[in-house]
Amino acid sequence: MTAPGGGPRLAKRLEAVSLSPTLAVMMEAKALRDRGVDVIDFGPGEPDFDTPAHIKDAGTRAIADNLTHYTDTSGIVDLRRAIAARYRETWGADWTDSEVMTGCGGKNVLFLLAQALFEPGDRVAIYAPYWVSFPEQVRLCGAEPIVLHAREADGFVPRARDLEPHAGRLRAVILNSPCNPSGAVIPADEVERFAAFAGRTGAVLISDETYDAFHYGPGTFTSFAAQAARVRDRLVLVNSFSKTYAMTGWRVGYALGPRSLIDAARKVQSHDATHTASISQAAALAAVRGTQEPVITMREEYRRRRDVIVAALNRVRGFSCRVPPGAFYVFPNVTAAERRLDCADTLVFAKRLMQEAGVATVPGEAFGSPGYLRFSYALATPRILEGVGRLEKLLGSAAP
Ligand code: PLP
């Protein structure tokens with residue numbers, strides 16, 4: 001049978017799923033650039049730093065040493081041990097190497113876990129603003145995302161109390177601290193409340209901590225690993241080498257959790273990618289075992305840029321930007337500016353900024369929160385200032 005537009009008929013479950021909106025922005029920015037426009041691109045969610053030299057060297061060495069064959073589905077044991085050791089040393093969590101799996105990036109690991117956990121009829125809580133792939137992965141499993149809202153006035157911190165109306169009916173809760181796109185960090189007492197909720201209701205906590213290396217304060221970062229002893233069978237933690245070590249292209253992510261769940265996700269992986277590249281695993285091992293200096297350097301640079309971009313955005317008329325404690329994004333409220341330009345929604349507003357100022361951003365609709373724009377500050381400070389300067393020229397200056 002063929003689809004109306006030609007080609008084969010597609011699986012029905014894909015009808016509810018959309019292509020990543022961040023990718024759509026990247027494509028539009030590229031089209032403008034191809035026409036010769038100097039686009040300042042605040043869209044991409046990836047570090048502008050190179051992978052540190054000692055990590056690249058480990059990858060090169062792996063090729064020279066013929067580490068170019070299949071590995072264990074969940075990754076080489078040294079890497080899994082090193083990951084478990086880090087969580088033991090930092091958070092006192094007692095996961096062992098058989099409770100760790102690696103995969104082709106955090107996104108892949110999250111998807112494998114979703115495949116292992118969710119089935120049609122399941123309800124999975126997600127807080128908006130959310131990372132774009134959370135609801136789509138849930139839908140791809142035929143389950144239903146239940147979208148709750150983190151509030152701007154509360155620094156976009158997700159609150160466990162908002163789960164109460166759904167207590168006993170949730171298969172899982174997906175959390176992301178530091179958050180893409182809001183930069184919010186869940187404080188220790190709230191982490192505890194989520195753990196208590198999971199313990200009481202049976203919901204599984206999936207904690208995506210991809211940006212854990214990038215927290216600048218105010219406040220401190222607390223991993224859900226700190227609650228591992230309390231909710232051992234209800235907690236799975238996901239992380240990635242992509243952002244921490246500027247290794248997006250190497251595709252290494254990982255999960256730590258109960259053995260039965262890790263084994264199930266591993267089973268899915270064994271019929272999917274098999275494992276992430278052996279060369280990338282060797283590089284990742286060098287990343288965990290080696291010096292963490294480059295991570296600290298990147299963090300300090302992001303912190304400086306965060307302060308620069310927040311101050312600059314608050315000079316634009318109709319923009320209101322909080323200081324996010326983590327990740328490398330800011331998420332200003334732009335409703336006043338949107339109204340002044342007579343835009344029907346933030347999708348239209350973002351399009352106009354792209355076309356009239358050559359500035360690419362991601363509209364809040366992509367994250368379930370219209371009225372906001374996501375700016376990545378993983379670009380050099382002069383470009384940040386030039387880009388926000390263009391917006392100030394287009395939209396006017398805020399009253400001092
Ligand atoms: N989780 C969050 C919140 C992210 O922002 C991203 C990437 O943008 C990922 C997971 C996945 O990253 P990767 O698949 O490169 O590890």
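The basis for the numbers below is simple: all heavy atoms, side chains too, and nothing from hydrogens, waters or symmetry mates. Remember, it's 1-based here, ligands and their atoms both numbered in the order they're listed.
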Remaining members of the apolar cluster that contains Tyr70, side-chain heavy atoms under 4.5 Å: none
List the residues meeting side chain to side chain donor-acceptor pair (under 3.5 Å) with Asp34, not counting sequence neighbours, and say none if there are none. Lys30
For Glu301 and Tyr377, test the side chains for any donor-to-acceptor distance below 3.5 angstrom and give the result as yes or no. no
Per the side chain to side chain donor-acceptor pair (under 3.5 Å) rule, what does the pair list look like for residues 380-400, sequence neighbours excluded? Asp38-Arg383, Asp38-Arg390, Glu386-Arg390, Glu392-Ser397
Is it true that the side chains of Ser207 and Glu209 contain a donor and an acceptor less than 3.5 Å apart? yes
Distance only, no hydrogens: is a donor on one side chain within 3.5 Å (strictly under) of an acceptor on the other, for Gln269 and Thr274? no
Below 4.0 Å from any atom of ligand 1, which residues have a heavy atom? Give them in chain and number order, please. Gly105, Gly106, Lys107, Trp131, Asn176, Asn180, Asp208, Thr210, Tyr211, Ser240, Ser242, Lys243, Arg251
